Amino acid sequence: MGTMGKLRRTMYCGDIRKEHVGQEVVLMGWVQRSRNLGKLIFTDIRDIRGICQAVFHEDDAALFALAKDLKNEYVVAVRGVVRERSSKNTEIPTGEIEVEVSELIILDTAKTPPIYIKDGDNVNEEMRLKYRYLDLRKPEMQQKLINRSKLTKCIRDFYHEHNFHEIETPMLAKSTPEGARDYLVPSRLYEGKFYALPQSPQIFKQLLMVSGMDRYFQITKCFRDEDLRANRQPEFTQIDVEMSFVDEDDVLSIHEKLVKKLFKEMVKYDVPLPLHRMTYEEAMERFGVDKPDLRFGMELKNLNEILKDSSFNVFSNTVANGNVIRAINFDEGDALVSKKGMKKLEEFVKDYGAKGLIHVRYNEEKDSSIDKFLSEEEKDRIFSAMGSKEGDIVFIIADTFSTTSHALGNLRNHLAKMADVVDPNQYEVLWITDFPLFEYDEEEERYVAKHHPFTSPKMEDIDLLESNPEKVRSKAYDLVINGEEMGGGSIRINNSELQAKMFKALGFTKEKAQEQFGFLIEALSYGTPPHGGIAFGLDRMVQLFTNTPNIRDVIAFPKTQSAICLMTEAPSLVSADQLKEVHLKVDK
């Protein structure tokens with residue numbers, strides 16, 4: 001092993017081309033592989049920009065002997081002259097050239113890695129996360145992080161161009177009820193008291209508007225101690241924005257420009273503006289979810305009118321009780337769904353609250369799961385209402401609007417994947433607006449904020465706050481791309497009297513509201529501009545623009561789905577002395 005000595009890197013391995021033939025270069029990187037052909041040794045050297053072939057000749061005995069020792073993942077520096085290759089490799093950008101080496105320094109040796117440093121290897125994710133620093137040597141993984149860097153620069157440039165100020169907010173804050181559990185940090189100086197890591201900078205960015213900062217943004221870490229799913233992490237990165245003296249249109253119109261810029265820069269896709277806007281009510285009616293994927297059809301249809309007098313009691317009673325019969329049409333589904341497959345679909349919808357799943361196949365027999373209750377005429381009316389053609393299947397659920405939405409909306413997405421009808425190179429971008437201000441929490445037996453307690457209601461719905469809270473619409477909006485929520489925000493309450501009404505509707509006593517949010521309530525009493533903002537999930541955006549299904553692949557050092565860092569073994573035990581310093585004792 002040696003130091004670099006007088007060698008200084010002059011080029012990256014992946015940047016050398018035919019026009020550099022005859023030039024002397026110094027390259028540094030890792031040995032991808034080395035092939036000893038007797039009189040020649042060919043060594044592929046890899047750095048973050050690519051791979052270049054280096055050649056060692058037996059004529060230089062000392063150099064040749066040193067090159068014989070090279071193994072995969074050794075770190076090396078080479079000096080040499082660029083030559084045109086006699087045997088070209090069209091698979092790589094540097095395939096027309098090679099470097100004839102005159103000097104080699106082995107900067108560090110390496111043990112045999114526990115995982116292959118190679119794109120597309122089949123090593124399991126546990127090993128990849130345990131040896132993340134090796135996994136990140138793979139070109140495809142490095143490219144994802146490079147694209148992440150490019151995306152964040154593009155975002156920063158946009159906001160600076162539009163007169164936003166980048167301002168940091170605290171990581172140690174007060175614990176406030178915002179939906180998920182807080183990560184708590186015990187105080188050493190104040191026994192029994194805790195900081196909380198921020199679930200979002202929501203309150204601070206509103207206070208920045210009270211402060212007169214006008215336009216704020218930040219790319220920041222947020223923390224939520226919640227059950228994880230495939231596209232969630234306990235710590236995630238948020239693009240956080242707030243603007244003063246704005247209404248909904250102001251926030252949406254400027255962020256449409258950001259969306260257009262990001263698509264153009266990242267994937268060379270021209271997003272037409274203005275973006276389509278759809279109310280929450282319309283989304284739930286047509287698609288059953290508040291983040292609809294518009295790249296395919298299969299919309300939900302209401303069959304109450306044609307089935308309200310059905311002899312099948314489930315249908316007639318559903319309508320009589322004020323509930324709904326809703327259905328989706330699965331194009332060419334008859335050939336795709338076997339009897340065994342149908343059983344799986346019936347189990348699938350039960351996971352989303354449905355009691356069962358009725359189907360009617362449009363084949364010669366027109367067979368259905370309720371044949372003895374459904375007349376031929378009723379089947380034909382169903383097919384007509386659904387726009388079915390021969391070979392299709394109609395899936396029907398009779399239940400509450402909420403249950404039919406939840407079950408059929410998710411079934412719709414599931415069937416689209418099963419039939420492979422989604423074009424990954426197509427993008428459908430839209431705003432969902434007019435969300436309900438509240439949703440009812442069955443466990444707590446009270447209304448909770450659909451977004452957060454600082455979201456402004458529609459002015460025309462304020463009178464319903466106390467009398468009919470479920471009917472109150474909010475000035476909230478989400479950006480949805482290809483069926484995924486990329487971000488959301490709202491116009492905020494900028495009046496302490498209205499904020500007090502909101503807390504009352506949420507079941508807060510005056511004392512509880514003061515204890516949790518007293519500083520914000522007081523701030524709102526000193527003259528607050530109308531303001532609103534939005535927050536985007538940066539990790540999800542990188543996923544979208546790199547077409548990556550696993551969110552962990554676009555984060556440098558992610559946690560597992562059970563919130564563990566396999567590389568550092570966090571969370572870990574700490575010493576009794578450390579616990580004593582923060583006045584804690586762990587029950588074993």
Side-chain angles (χ1 to χ4, degrees), residues 1-17 20-83 85 89 91-121 123 127-146 149 556-557 567-568:
M1 289 189 295
T3 61
M4 293 189 300
K6 294 181 181 179
L7 291 186
R8 291 290 180 271
R9 180 166 62 183
T10 63
M11 289 194 75
Y12 284 94
C13 296
D15 291 346
I16 305 177
R17 297 292 185 272
H20 299 114
V21 167
Q23 292 184 22
E24 184 179 76
V25 296
V26 175
L27 307 177
M28 296 182 182
W30 286 261
V31 173
Q32 180 71 20
R33 64 173 181 157
S34 199
R35 305 174 302 287
N36 188 339
L37 303 185
K39 294 185 179 182
L40 295 173
I41 295 174
F42 292 99
T43 300
D44 293 339
I45 302 174
R46 182 193 74 243
D47 63 18
I48 197 166
R49 302 293 288 270
I51 288 178
C52 181
Q53 179 172 281
V55 185
F56 301 88
H57 293 271
E58 68 170 351
D59 298 346
D60 188 330
L63 180 64
F64 199 72
L66 187 58
K68 281 182 179 180
D69 291 335
L70 294 179
K71 292 181 174 60
N72 289 9
E73 300 310 309
Y74 275 29
V75 185
V76 297
V78 298
R79 184 202 302 274
V81 176
V82 180
R83 304 292 188 201
R85 284 170 66 162
N89 179 357
E91 298 296 315
I92 58 174
T94 59
E96 290 188 289
I97 56 87
E98 60 192 13
V99 173
E100 196 170 277
V101 180
S102 58
E103 185 177 355
L104 164 67
I105 299 175
I106 298 176
L107 298 171
D108 196 17
T109 58
K111 297 190 297 183
T112 301
I115 63 174
Y116 289 114
I117 313 300
K118 179 184 175 184
D119 287 347
D121 66 317
V123 67
M127 287 291 285
R128 290 179 58 207
L129 294 179
K130 181 175 175 61
Y131 296 99
R132 188 61 165 185
Y133 44 86
L134 297 178
D135 191 49
L136 289 178
R137 289 185 188 176
K138 299 171 185 173
E140 65 179 0
M141 293 298 294
Q142 292 180 342
Q143 193 56 51
K144 285 177 172 58
L145 295 188
I146 290 168
S149 175
F557 299 102
M567 184 182 68
T568 63

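Small disclaimer: the values here were computed from a predicted structure and weren't measured. No hydrogens, no waters, no symmetry mates; every other heavy atom, side chains included, goes into these values.
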Side-chain donor-acceptor pairs under 3.5 Å in residues 133-141, sequence neighbours left out?
{"residue": "Asp135", "atom": "OD1", "partner": "Arg128", "partner atom": "NE", "Å": "3.0"}
{"residue": "Asp135", "atom": "OD1", "partner": "Lys138", "partner atom": "NZ", "Å": "2.7"}
{"residue": "Asp135", "atom": "OD2", "partner": "Arg128", "partner atom": "NE", "Å": "3.2"}
{"residue": "Asp135", "atom": "OD2", "partner": "Arg128", "partner atom": "NH2", "Å": "3.1"}
{"residue": "Asp135", "atom": "OD2", "partner": "Arg132", "partner atom": "NH1", "Å": "3.0"}
{"residue": "Arg137", "atom": "NH1", "partner": "Glu73", "partner atom": "OE1", "Å": "2.8"}
{"residue": "Lys138", "atom": "NZ", "partner": "Asp121", "partner atom": "OD1", "Å": "2.7"}
{"residue": "Lys138", "atom": "NZ", "partner": "Asp121", "partner atom": "OD2", "Å": "3.2"}
{"residue": "Glu140", "atom": "OE2", "partner": "Gly120", "partner atom": "N", "Å": "3.4"}

Set of residues satisfying salt bridge (Lys or Arg N to Asp or Glu O under 4.0 Å) with respect to Asp69, sequence neighbours excluded: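 By the salt bridge (Lys or Arg N to Asp or Glu O under 4.0 Å) rule, Asp69 matches no residue at all.
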Salt bridge (Lys or Arg N to Asp or Glu O under 4.0 Å) with Arg35: which residues, sequence neighbours excluded?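 If we apply the salt bridge (Lys or Arg N to Asp or Glu O under 4.0 Å) test to Arg35, skipping adjacent residues, the hits are Asp44.
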Got a sec, which residues hit side chain to side chain contact (heavy atoms under 4.5 Å, CB included) with [X], two or more places apart in sequence or on another chain?
X: Glu96; result: Lys18, Lys88
X: Thr10; result: Val25, Val26
X: Leu63; result: Phe56, Asp60, Val101, Leu104
X: Asn89; result: Arg85, Glu91, Ile92

If you look at every heavy atom in [X] and [Y], which pair is closest and at what distance?
X: Cys52; Y: Ile97; answer: SG-CD1, 3.8 Å
X: Val31; Y: Lys71; answer: CB-O, 3.4 Å
X: Phe64; Y: Gly38; answer: CZ-O, 3.3 Å
X: Cys13; Y: Thr94; answer: O-CG2, 3.5 Å

Side chain to side chain, Ile45 and Gln32, heavy atoms closer than 4.5 Å: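 With C-beta onward as the side chain, the pair stays apart.
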Side-chain contact test, heavy atoms from C-beta onward, threshold under 4.5 Å: evaluate it for Val99 versus Leu27 and give yes or no.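 They are in side-chain contact.
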Identify, with sequence neighbours excluded, every residue that meets side-chain hydrogen bond (donor to acceptor under 3.5 Å, both in side chains) alongside [X].
X: Arg9; value: Tyr12
X: Arg17; value: none
X: Glu103; value: Arg79
X: Thr43; value: Ser34

To the closest 0.5 Å, what do you measure between CD1 (Ile16) and CD (Gln53)?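 With rounding to 0.5 Å, CD1 (Ile16) is 11.5 Å from CD (Gln53).
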Nearest 0.5 Å, what's the CZ-NZ distance between Arg46 and Lys118?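 With rounding to 0.5 Å, CZ (Arg46) is 13.0 Å from NZ (Lys118).
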Answer yes or no: is there a donor N or O on one side and an acceptor on the other, between the side chain of Asp108 and the main chain of Val75, under 3.5 Å?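 No: the side chain of Asp108 does not pair with the backbone of Val75.
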Ignoring hydrogens and angles, tell me if any N or O in the side chain of Thr109 forms a donor-acceptor pair with the backbone of Tyr74 under 3.5 Å.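 Between the backbone of Tyr74 and the side chain of Thr109 there is no qualifying donor-acceptor contact (under 3.5 Å).
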